[in-house]
Student: 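Quick one: structure below, then a few questions.
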Amino acid sequence: MHTTEHHWITTPITADILRGALDLERTAHGLLPHRLPAWARAQCADGQLAMVEAQPSGVRLVFRTRATAVELDTLPTKRVYAGAPPRPDGVYDLLVDGRLTAQSTVTGGNTLAIDLATGTAESHPGPAGTLRFADLPDGVKDIEIWLPHNETTELVALRTDAPVEPVPDRGRKVWLHHGSSISHGSDAASPTAIWPALAASLGGVELINLGLGGSALLDPFTARTMRDTPADLISVKIGINVVNADLMRLRAFGPAVHGFLDTIREGHPTTPLLVVSSILCPIHEDTPGPAAFDFHALGSGRLRFLATGDPAERAAGKLTLGVIRDELSRIVEQRSADDPHLHYLDGRDLYGEADAAELPLPDELHPDAATHRRIGERFATLAFAADGPFADHSA
């Protein structure tokens, strides 16, 4: 599978050279990074959550080496949606001493065929593939290989033409973030171009990304995972999934938010904690969920979402993004009287009406690559500013 012009050294893939994963599952082929621990995964039988938490958004191999060539064998699982255009192969980003140096993909792999009309999925096995980065600069350097944010990736083997060692602690703060598919990185160009990765790079922090597509639903096991994960900065982005899943009414939402924050605070009583509401999403600003696929658009090869609720049902407690923003603002204001490290950010400050006019959401729900960059830059400016909630006051 690999070339022979180099004297290859195979290095076991272990937790000390892998960042952003909270669990490693040994499979028949290698290691599968997970972003939720096994005990949390056991508490939810939802197939959507199982799929997205195993997609390694924010997960990267990090090591120090003199190697001028690196090979990584992986077994990807690629999604194919019936009636929709083929999805591109997942992108791997190579960073050398913090700079994006190369990008590549891995062909082959397993296939998960999903029929949105019936809600069924079929798995088809495929072969592992090899990622190769060559002609790297000579000398000692720090290498990061960011795995595809939207493609399940089993790690099979790592080879280099010089020894590998873990990168020493750089003294950076760890930022733990939880959110929806937008935080997960849907429709971003590559794993370092998802908005949380961009913001982390601009803020000079280490990212642990719990952006879980379709699954930012105030689940207690997610809150307990965040409670138990060491972090210096924490943010939770709440709103869109609760609405588009039509998961709960206002009566349940408020106590659920309090409970989620209470649980995080059990493990992080004074850590800066930022609550972020949804970015502007016109279809759900005043219209409740559930969201649904527009099968007419799908038939013409376009993926598009619709809001199917009735705005009149807000009077009965149905949730919209407008209702949720008001409730989150109220909750944070109430709690911050006794919790000075708790902060609120209106998501429309990251992407609002003017942005939607310039860069509309292509499928009515998810931002494109240019919008990911805008959101990441704005978050960094607002959160990591000298007067922001994530400001570094250690100097």
Student: Check the pair Leu155, Leu32 against side-chain contact (heavy atoms from CB on, under 4.5 Å), reporting the backbone distance first and the verdict last.
Tutor: CA-CA 6 Å; Leu155 302 171; Leu32 177 61; over 6 Å; no
Student: Under 3.5 Å, is there a donor-acceptor pair between the Gln55 and His149 side chains?
Tutor: no
Student: Once side chain to side chain donor-acceptor pair (under 3.5 Å) is applied, do any residues pair with Asp97, and if so which ones, sequence neighbours excluded?
Tutor: none
Student: Kindly indicate, with the supporting measurements, whether the criterion salt bridge (Lys or Arg N to Asp or Glu O under 4.0 Å) is fulfilled by Asp232 and Lys173.
Tutor: CA-CA 6 Å; Asp232 303 294; Lys173 291 184 176 181; over 6 Å; no
Student: Which residue pairs pass the ring pair (Phe, Tyr, Trp, His ring centres under 6.0 Å) test with at least one member in residues 325-371, sequence neighbours excluded?
Tutor: Phe305-His366
Student: Applying side chain to side chain donor-acceptor pair (under 3.5 Å) to Asn209 and Ser57, what does each step give before you reach the verdict?
Tutor: CA-CA 7 Å; Asn209 187 24; Ser57 180; 2.8 Å; yes
Student: Between the side chain of His284 and the main-chain N/O of Thr287, is any donor-acceptor distance below 3.5 Å?
Tutor: yes
Student: Counting distance only, does the side-chain N/O of Asp46 pair as donor-acceptor with the main-chain N or O of Leu49 below 3.5 Å?
Tutor: yes
Student: Backbone N or O of Gly347 within a donor-acceptor pair of the Ser277 side chain at under 3.5 Å?
Tutor: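 Yes, Ser277 side chain to Gly347 backbone: donor-acceptor pair under 3.5 Å.
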Student: In Å, rounded to the nearest 0.5 Å, how long is the span from CG of Leu72 to OG1 of Thr11?
Tutor: 11.0 Å
Student: Rounded to the nearest 0.5 Å, how far does CD1 of Ile279 lie from CG of Asp355?
Tutor: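 Between atom CG of Asp355 and atom CD1 of Ile279 there are 9.0 Å.
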Student: Return yes if a side-chain donor-acceptor contact under 3.5 Å exists between Thr371 and Asp368, otherwise no.
Tutor: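 Thr371 vs Asp368: donor-acceptor pair found between side chains.
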Student: For the atom pair CZ (Arg66) and CD1 (Ile143), what is the distance rounded to the nearest 0.5 Å?
Tutor: 12.5 Å
Student: If we ignore hydrogens and angles and just use 3.5 Å, is the side chain of Thr308 paired with the main-chain N or O of Pro290 as donor and acceptor?
Tutor: yes
Student: For Asp349 and Arg378: C-alpha separation, side-chain torsions, deciding distance, then whether salt bridge (Lys or Arg N to Asp or Glu O under 4.0 Å) applies.
Tutor: CA-CA 8 Å; Asp349 292 338; Arg378 284 192 179 158; over 6 Å; no
Student: Would you please test Thr160 and Trp8 for side chain to side chain donor-acceptor pair (under 3.5 Å) and show each step?
Tutor: CA-CA 5 Å; Thr160 53; Trp8 292 107; over 6 Å; no
Student: Less than 6.0 angstrom separating the ring centers of Phe379 and Trp195, yes or no?
Tutor: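 Yes - the distance between ring centres of Phe379 and Trp195 falls below the 6.0 Å cut-off.
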Student: Using a 3.5 Å distance criterion without hydrogens, assess whether the side chain of Thr263 forms a donor-acceptor pair with backbone atoms of Gly259.
Tutor: yes
Student: Backbone N or O of Gly211 within a donor-acceptor pair of the Arg35 side chain at under 3.5 Å?
Tutor: yes
Student: Between Thr68 and Asp161, does a side chain to side chain donor-acceptor pair (under 3.5 Å) hold up when you go through it step by step?
Tutor: CA-CA 7 Å; Thr68 60; Asp161 61 356; 2.9 Å; yes
Student: Going through the checks in order, is the side chain to side chain donor-acceptor pair (under 3.5 Å) test met by Glu71 and Thr130?
Tutor: CA-CA 7 Å; Glu71 288 189 346; Thr130 298; 5.6 Å; no
Student: Any chance you could lay out the salt bridge (Lys or Arg N to Asp or Glu O under 4.0 Å) test for Arg251 and Glu327, step after step, and finish with the verdict?
Tutor: CA-CA 11 Å; Arg251 166 63 180 83; Glu327 185 69 355; over 6 Å; no
Student: Strictly distance-based, threshold 3.5 Å: is any side-chain N or O of Thr65 a donor or acceptor partner for the main-chain N or O of Ala67?
Tutor: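 Side chain of Thr65 to backbone of Ala67: a pair is present.
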Student: Side chains of Ser183 and His177: closer than 4.5 Å at any heavy-atom pair?
Tutor: yes
Student: If you measure only the distance, is there a donor-acceptor pair under 3.5 Å linking the side chains of Asp89 and Thr107?
Tutor: no
Student: Taking Ser186's backbone N and O only, do any of them form a donor-acceptor pair with His372's side chain (distance below 3.5 Å, no angle check)?
Tutor: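 Pair found, side chain donor or acceptor close to backbone of Ser186.
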Student: Pick out which of Ser104, Pro148, Pro191 makes a side chain to side chain contact (heavy atoms under 4.5 Å, CB included) with Asp93.
Tutor: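 Output: one option passes, namely Pro191.
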Student: Does the side chain of Asp286 come under 3.5 Å of the side chain of Thr320 through a donor N or O and an acceptor N or O?
Tutor: no
